Each structure stands twice: as structure tokens, then as C-alpha cells.
A.B. asks: 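One structure, as C-alpha cells, below. Some questions next.
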Amino acid sequence: GENVEQHPSTLSVQEGDSAVIKCTYSDSASNYFPWYKQELGKGPQLIIDIRSNVGEKKDQRIAVTLNKTAKHFSLHITETQPEDSAVYFCAAMRGGSYIPTFGRGTSLIVHP
Amino acid sequence: DSGVTQTPKHLITATGQRVTLRCSPRSGDLSVYWYQQSLDQGLQFLIQYYNGEERAKGNILERFSAQQFPDLHSELNLSSLELGDSALYFCASSLGQGNTEAFFGQGTRLTVV
């Protein structure tokens, strides 16, 4: 089955810095890669996703890149703000599958 | 607000007991997924239903069962509870069967004492 590795497990940055979270996946048939943000006491919320026919996608301060050959994808957050502090999960899903496989999560802490 | 409603928010129960967690999906969503989140295991997929039928099973224990009713709400039943079952249980829903955005509820925090 699919295996998703996520690094780092904890990331501490100063407000205004950039943050990068990296994930690798094992199943070359995976073609959908969502990223979720989980704030304390809440459920995960989708913040951006990318499909395998695209190499990069941007939405304001967040962007995701995908390298299908290397089987890795990354989340980039620029100009970080304290409200970006949360746990971020990457996931991978293969075509025809119903279930995303999640990474273990990255706890992002943005210091004011 | 994701539109997915889970009840109760918190549940404290004793070992050996049985509990039922309830989930109402977003209006129009046919798929419901159940996940368990614990500190050491991350988000673990338990089971998925699509339009009332079981579609996929993950690491769900035999002591656990679920169903999706005709009105599309779902229940997760946990029986013979053990201390290790203490966790956050999330329900998510999506429109289709795969490769579509899943919306998560706020979770039920289960504490087994």
C-alpha cells in the first residue's frame, strides 16, 4: 500500500519567515495530493491540493510543488503569521482509491 | 465550519463499555469516512461508506463497527473499550468516492478510564 513520509515533525519559525514542509510517497499510481491544516481542538481543513498533471499550485501565501519522478511534494508558506501555527498533514491518494494516506503531521510554530 | 457535525464532542467512559459516535455529513455528500487520531499513530483511516454501503476498510478493530443510514448520517460503534482506545475520532465526508475534497468534522474526544 501507499506510504507517506513527512518532514520535519516540528518546525519553528519567526513571523515573516518562510516555512517548507516536505512529503514523499511510495505509490507511483498516486495522483492526488491534498494538504490539511489542523488547529488546536478542530478537525483537519483542506488548505490546498495538487493533482499529478500539475507541477505547482499557488494560493496567496501558500504553494505546493510536486515532483512525480522523485515522488515528493512540498508545502511552502511565505510571510508566515502567528495564525499559521497549527499541525499540517500531507496526504496522497491513487486514482480509483477512496482513501488518502496521511503523513504523520508537522507542528508549525510561528513566533511573533 | 466544515458542515460536518459530530456528536458528542467529548465522551468519558469506563473500560469494557460500549459507545456510539454520530456523524452528519455535509448536505449532498454521499461518502463518509471515519478516522482515529492518537498522539503516537497520527490519522488512521478506519472505514468508509458510500451511499449506505461499506466501500473501504482500514485498520478497524473487530470491536468497532459502523454503518451509514438512509439519511446518510453515520454511526461508529466502539465496544469492549480499552484504555488504548482513548483518542480523537473524526468523521469526514465528501461528494464522491475518491480524489475529491474531504471535509472533516470537529471530532469526538473519547477518554476511556
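Keep in mind the model is a prediction, meaning the values are calculated, not measured. Both backbone and side-chain heavy atoms feed into the values below; hydrogens, waters and symmetry mates do not. Below, chain A is the first sequence line, B the second, and so on; all start at residue 1.
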A.B. asks: Would the number of heavy atoms belonging to other residues, nucleotides or ligands and lying under 6.0 Å from CG of B:Leu83 be above 12?
C.D. replies: yes
A.B. asks: Select one option (side chain, backbone, both, neither) describing which atoms of A:Pro44 are under 4.5 Å from chain B's heavy atoms.
C.D. replies: both
A.B. asks: Residue by residue, which of residues 101-112 of chain A have a heavy atom closer than 4.5 Å to a heavy atom belonging to chain B?
C.D. replies: A:Phe102, A:Arg104
A.B. asks: Chain A heavy atoms under 4.5 Å from B:Gln37: which part of the residue, side chain, backbone, both or neither?
C.D. replies: side chain
A.B. asks: Please determine whether the number of non-hydrogen atoms from other residues, nucleotides or ligands lying under 6.0 Å from atom CD of A:Gln81 exceeds 12.
C.D. replies: yes
A.B. asks: Classify the angle between the aromatic ring planes of A:Phe33 and A:Phe73 as parallel (below 30°), tilted (30 to 60°) or perpendicular (above 60°).
C.D. replies: tilted
A.B. asks: Apart from B:Val4 itself, which Ile, Leu, Val, Met, Phe, Trp or Tyr residues share its cluster (side-chain heavy atoms under 4.5 Å, direct or through members)?
C.D. replies: B:Phe103
A.B. asks: Output every pair passing ring pair (Phe, Tyr, Trp, His ring centres under 6.0 Å) with a member in residues 3-25 of chain B, not counting sequence neighbours, ordered by first then second residue.
C.D. replies: none
A.B. asks: With a 4.5 angstrom heavy-atom cut-off, is it the side chain or the backbone of B:Ala92 that approaches chain A, or both, or neither?
C.D. replies: neither
A.B. asks: Answer with yes or no whether the side chains of A:Glu5 and A:Asn3 bring together a donor and an acceptor at under 3.5 Å.
C.D. replies: yes
A.B. asks: With sequence neighbours left out, write down each residue that passes side-chain contact (heavy atoms from CB on, under 4.5 Å) with B:Gln67, or none if nothing qualifies.
C.D. replies: B:Phe69, B:Asn77
